[in-house]
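What follows is a single structure, written as structure tokens, with notes after it.
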Amino acid sequence: MTTESATMAGTTEKQISLPLSKAIEISFRSLRIRFWRSLITIGGIFFGIAFLMSILTSASINEALVEGGSPQVRALLEQQGADGDSATQQVWLVSLSLLVCVVGITNAMLMSVTERYREIGTMKCLGALDKFIIQLFVLESTFQGLVGSIGGVIMGCLFMLISMMTSYGWDPLVLFPVLEVAQNGLYSLGAGLGLAIIGALYPAYRASQMPPADAMRTEV
Amino acid sequence: MTEEQTAVMDAPDTETQNIVRTRGVKRVYQMGKLSLEALKGIDMEVQRGEYISIMGPSGSGKSTLFNMIGALDKPTEGKVYIDEVDVAQLDAYELAWLRCRKIGYIFQTFNLIPVMTALENVTLPMIFAGLATDEAIDKGVDLLTLVGLGERVQHKPLELSGGQQQRVAVARALANDPAIVLADEPTGNLDRKTGREIIELLRELNQGKQVTIISATHDLKMLDVSDRILWVQDGRITKNQRRDELDLDLGQIGAEEE
């Protein structure tokens, strides 16, 4: 009996599979069919990441201006002063906004799981393993995170650049610290993706634990 | 034990073999302090190639029994053997494998994946089973042609009528050449004529492909295509009738239904 079940398990792992390309295709379409709802989730990530990115960009541009700005601009900057208090406040604000962002993602994904109870159960009846279900939901959230973060990075950066140009003239554009901003952009992108995945973990786990018999239920 | 089971797995075409066998199956649901005994000891066999209907009113334990046979739920007591393998001994991988390769499911509500075309719905279980995409597509088109939807492989479920959706579901159930097709009220959401067509389709597949079909139903039209009818009431099998034993009653019931 033990040898038999061992060989059976051996062949099973080879035989039950969901290629990544197929998983990506499925989750992409699940998003497309719920376009407006996913847009709202993407919006949450977008604003959170845009905020983070604008704070980071502002810090980088400030630094560049202090180093190489014209005397007038430096005078302006000195007048305003580098305020330690407002920096801590900003860290708090950014953290809070990102937290709200994760909660939003989790909420949206939980809704999506509840809505698809039968679909998930059906997939399990067709032979899907728990990890396929987790994979599908995490992929979905990753797409949303990716789109929202890219948008947020571009938006945050542009917004801050324009806003500083209105205060300091052309200097922020001339002295624009491309490398540093690009690096910050990558960090923000990473943060956005990370949040999207973290937010999706619990809903995806819950979906994967759903008993396949629920697919048979006629109500819901 | 091992040798015997391996021998059984090597020779699955033995005509007289039981594809499903249950022994003293009980299922108790705990609802807070109350415990509800949905199945009170079921012994039954289904032979390879049979067409079985499980009849019973709602609340009779019919669905619970059905879930047991389909490896969707485990008994509180007793054993369920599918193809002579004790379902309780299987781990998650083996259960998924069993559901993927040995059993095809047909649901009352069709349960097609709405974002996929008919063809993609049919090929999904084949992809789980590790079939190459080209092969899966060829086989999927063949199956859809078999159920009469060769012209509509690229349609989404919502672009198909109820009867057509159920045909897609039948094709999907056959995707990995299962030994058993389990149909839960397959005609429950269909009008009489379409339901009739689905029943005939199932019967043709049963005879043509030698697939065992087990169907839970309270659709009396199902009776005259079934080889055997199990009547379930109050968690027990109250009657086990072969079709030829049934003919007398059927006229009566049919008349009642009209």
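Naming: A, B, ... by sequence-line order, numbering from 1 per chain.
No more than 12 heavy atoms of other residues, nucleotides or ligands shown are found within 6.0 angstrom of CZ on Phe47(A). In Tyr205(A), the OH atom is not crowded: 12 or fewer heavy atoms of neighbouring residues, nucleotides or ligands sit closer than 6.0 Å. Around atom CZ of Arg32(A), no more than 12 heavy atoms belonging to other residues, nucleotides or ligands sit under 6.0 Å away. The environment of Tyr29(B) atom OH is dense: over 12 non-hydrogen atoms of other residues, nucleotides or ligands sit within 6.0 angstrom.
Looking at heavy atoms from C-beta onward, Lys156(B) lies out of side-chain contact with Ile33(A) at the 4.5 angstrom threshold. Between Ile26(A) and Leu124(B), some side-chain heavy-atom pair lies under the 4.5 Å cut-off. When side chains are defined from C-beta on, Leu126(A) does not count as touching Arg99(B), because their heavy atoms never get closer than 4.5 Å. Contact check for Ile127(B) versus Pro19(A): side-chain heavy atoms found under the 4.5 Å cut-off. Under the 4.5 Å side-chain criterion, counting only non-hydrogen atoms from C-beta, Cys125(A) is in contact with Phe107(B). Considering only heavy atoms from C-beta on, Asn111(B) stays 4.5 Å or farther from Glu119(A) through its side chain.
Neither the backbone nor the side chain of Glu185(B) comes within less than 4.5 Å of any heavy atom in chain A.
Between the NZ atom of Lys131(A) and the OH atom of Tyr93(B) there is a distance of 4.0 Å, given to the nearest 0.5 Å. Here Ile113(B) contributes atom CD1 and Arg116(A) contributes atom CZ; the two are 9.5 Å apart, rounded to the nearest 0.5 Å. With values rounded to the nearest 0.5 angstrom, Lys22(A) atom NZ is found 7.0 Å from Thr133(B) atom OG1.
Contact detail for Gly127(A) and Cys100(B): the closest heavy-atom pair is CA-CB, 3.7 Å. For Ala96(B) against Leu129(A), the heavy-atom pair with the smallest separation is CB-CD2, 3.4 Å.
At least one donor-acceptor pair under 3.5 Å links the side chain of Arg29(A) to the backbone N or O of Val115(B).
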